Amino acid sequence: TLSKGFRAAKRKLSGVAEIHEDDIDEALREVRMSLLEADVDFKVTKNFLNRVREKAVGEVVRLSAKAKNRKVKVTPAEHFISICKQELEHLMGPVDTSLNYERHVSAIMMVGLQGSGKTTTAAKLARFIRDFQARKPILVAADVYRPAAIDQLKVLGERLGVPVYYEDSGDPIGICSRALETAKDKGCDTAIFDTAGRLAIDDTLMNELEKIQEKTSPENILLVSDAMIGQDAVRTASEFNRRLELTGFILTKLDGDARGGAALSIKEVTGRPIKFIGMGEGLDQLEEFRPDGLASRILG
Amino acid sequence: IFGRQVIEPDVLEELEEVLFTADIGVKTAQALLDRVQDKVSTKKLSDPKRLFSEIKQEIENILALPSEDFDISRGNPFVIMMIGVNGTGKTTTIGKLASQLKEAGHNVLMAAGDTFRAAAVEQLAVWGERAGCDVIRGAEGADPGAVVFDAIQAAKARDADIVIADTAGRLHTKVPLMEELKKIKRVAAKGTTGAPHEILLVLDATTGQNAINQAKIFSEALDGITGIVLTKLDGTAKGGVIVGITDELKVPVRFIGIGEGVQDLRRFKPREFVQALFS
Ligand SMILES: Nc1nc2c(ncn2[C@@H]2O[C@H](COP(=O)(O)OP(=O)(O)OP(=O)(O)O)[C@@H](O)[C@H]2O)c(=O)[nH]1
Ligand SMILES: Nc1nc2c(ncn2[C@@H]2O[C@H](COP(=O)(O)OP(=O)(O)OP(=O)(O)O)[C@@H](O)[C@H]2O)c(=O)[nH]1
Ligand SMILES: [Mg+2]
Ligand SMILES: [Mg+2]
């Protein structure tokens with residue numbers, strides 16, 4: 001199903017006998033509104049529309065001329081919509097949900113803004129890699145700031161039967177590096193660092209993440225982002241990426257009705273893939289990312 | 001997007017960039033522009049500075065809803081219910097608000113109404129310590145309405161004049177969870193006349209257009225909310241979604257969250273907000 005913006009675009013192109021460039025521009029205006037309402041980044045939307053325009057002006061106009069004289073399998077309007085959908089899927093792919101496991105004890109570092117779902121997702125990921133990738137995870141409580149953050153991770157670890165490494169040292173860098181040592185002793189092969197939520201513009205806390213990265217060289221650094229995030233998605237993702245070189249994203253709370261346009265923006269701007277999506281508060285509600293599902297959702 | 005030819009295209013583009021990147025949204029931006037174009041002459045609109053200042057004023061007018069201090073004497077106790085989707089800052093805001101109200105001389109109790117999420121009660125308990133307020137909690141997995149009810153009775157017994165109730169984060173699309181919220185409201189009303197006297201919807205400033213759905217559906221479910229708290233404004237997000245929300249629901253933004261510390265809660269000031277939107 002299409003959002004009303006795409007339906008309007010389709011209508012504009014169905015209503016004319018022969019499609020010309022300015023008909024395409026009218027349809028693109030409708031698509032633009034739809035993408036902005038879906039929280040796609042302002043500049044990403046602009047670039048997307050320019051690419052669609054290039055293709056459409058060639059193919060759709062030609063198809064429209066053909067259609068004037070005989071029946072065609074796909075109407076010009078339908079072809080325009082399929083160009084949009086293809087371009088959207090192309091923006092979100094290729095699919096790469098792999099995690100890197102190179103060392104004896106591998107590490108996955110979860111980072112992101114406050115409240116995005118890192119702690120919950122860290123636990124979900126532990127369950128996922130244990131049950132579907134035969135890994136032996138250990139959860140690491142590296143959030144020393146938020147009240148009861150360590151308790152929260154311990155409760156989740158307990159529910160899953162996954163060990164949780166924690167200290168009362170208040171030293172996230174030490175906690176993560178000592179966790180890797182402990183992991184070896186416990187026979188665990190993958191440490192998942194749950195870090196504190198932080199603003200991308202908080203220099204002190206961003207430095208802390210850089211130090212954890214320096215000390216422990218995690219093979220995976222995943223930005224956990226709330227699917228309902230708006231235009232701030234690109235600002236945040238690009239700053240986290242600039243500082244840490246992310247390996248991928250996890251988009252949470254997609255069980256709601258947020259359109260999730262941020263998914264497009266962060267992939268486009270950083271080039272990193274979306275690996276997983278959070279589909280609920282339950283620890284089994286983590287899925288591997290598939291672009292076609294999200295493309296349809298952003299289209300409406 | 002804005003079809004009228006009255007305004008210079010590159011001025012329009014500049015205005016669009018400011019409005020959209022602040023999460024003001026297509027419909028609201030269009031409505032703002034329509035209103036400004038109706039009231040200002042073409043000659044004035046051709047001056048970009050004038051256009052921007054007219055838009056700013058229009059936004060400020062929308063946001064400047066009356067929002068007096070809570071009239072605590074209305075309640076015995078005065079009950080504030082904190083609601084919103086997951087992770088927006090409800091629990092943290094309760095800690096900040098309780099501390100402020102305590103410093104203003106009130107006797108505040110917190111109700112640990114999130115009986116669902118891991119360590120939610122422990123988290124509120126820490127805030128209780130920081131604010132110097134007692135936290136009323138139930139058994140694990142207890143009925144949230146029952147905890148709020150108990151907190152209200154405890155307030156009467158201890159002469160506490162304010163109860164602030166925490167609730168579990170929930171997506172507005174989850175019908176059974178919204179039903180639970182309605183039930184909490186009904187039970188609170190049984191606890192004391194007029195409760196809950198304030199229903200505050202907590203919105204995260206980084207949220208995009210989905211905030212509009214959140215506000216509408218939470219408001220509908222509870223027959224109206226009395227205020228909004230906009231959190232995480234200390235980040236780079238502008239929180240522009242509240243312009244459309246305020247315009248439509250006529251609910252005031254009462255407070256803004258500007259950090260994770262107990263002091264980081266301010267009264268909402270429309271003019272400052274608009275300045276920040278355009279900076
Ligand atoms: N509906 C839904 N809720 C989610 C999802 N992921 C996380 N949550 C909820 O979102 C809220 C925040 O999750 P947390 O795991 O505490 O988020 P966080 O990023 O660790 O928060 P900070 O540590 O404070 O930055 C909780 O209520 C979670 O249950 C999801 O995919 N769907
Ligand atoms: N920077 C910043 N962070 C905030 C603000 N308000 C809350 N937070 C942070 O946001 C995260 C989530 O806050 P909570 O109070 O747990 O949010 P919640 O709505 O109660 O979450 P759930 O109960 O899981 O739905 C925590 O890390 C808070 O410290 C704010 O104004 N600014
Ligand atoms: Mg956390
Ligand atoms: Mg909470």
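Since we're looking at a predicted model, the values are computed, not measured. Every chain is numbered from 1 and lettered A, B, ... according to where its sequence line falls, protein lines coming before strand lines. Below, all heavy atoms of this structure are taken into account, side chains as well, without hydrogens, waters or symmetry copies.
The candidate with the highest count of non-hydrogen atom pairs below 4.5 Å against chain B, out of G230(A), G197(A), A149(A), is G230(A). Of the listed residues (R146(A), K253(A), E30(A), R159(A)), the greatest number of heavy-atom pairs within a distance under 4.5 Å of chain B belongs to R146(A). Of the listed residues A262(A), A233(A), P147(A), A38(A), the one with more heavy-atom pairs under 4.5 angstrom with chain B than any other is P147(A).
With respect to R32(A) and E16(B), a salt bridge is recorded, a charged nitrogen being found less than 4.0 Å from a carboxylate O. At a threshold of 4.0 Å, the pair K174(B)-D255(A) counts as salt-bridged, since one of the basic side-chain nitrogens sits closer than that to a carboxylate oxygen. K27(B) and E37(A) are joined by a salt bridge, as a carboxylate oxygen and a charged side-chain nitrogen come within less than 4.0 angstrom of each other. Remark: R117(B) does not engage E281(A) in a salt bridge, criterion side-chain N to carboxylate O under 4.0 Å.
Shortest non-hydrogen contact noted between R235(A) and T21(B) is NH2-O, 3.7 Å. Here the closest non-hydrogen pair linking A118(B) and L156(A) is CB-CD2, 3.9 Å.
For I150(A), no part lies under 4.5 angstrom from a heavy atom of chain B. Looking at K43(A), the atoms closer than 4.5 Å to chain B (heavy atoms on both sides) all sit in the side chain, from C-beta outward. For D151(A), the parts sitting under 4.5 Å from any heavy atom of chain B are the backbone and the side chain alike. Interface residue I201(A): only side-chain heavy atoms are found under 4.5 Å from chain B. For V85(B), the part lying under 4.5 angstrom from a heavy atom of chain A is the side chain only.
A side-chain N or O of Q114(A) and one of E260(B) form a donor-acceptor pair less than 3.5 Å apart. If you check the side chains of T206(B) and D232(A), you find no donor sitting under 3.5 Å from an acceptor.
To the nearest 0.5 Å, atom CD1 of residue I229(A) and atom CG of residue D204(B) are 8.0 Å apart.
With hydrogens and angles disregarded, no donor-acceptor distance shorter than 3.5 Å links the side chain of N213(B) to the backbone of A258(A).
Side-chain contact between D257(A) and N210(B): present, with at least one pair of heavy atoms (C-beta onward) separated by less than 4.5 Å.
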* Where do E17(B) and K46(A) land on the salt bridge (charged side-chain N to carboxylate O under 4.0 Å, His left out) test, with the steps shown first? -> CA-CA 11 Å; E17(B) 183 155 359; K46(A) 214 179 196 176; 5.5 Å; no
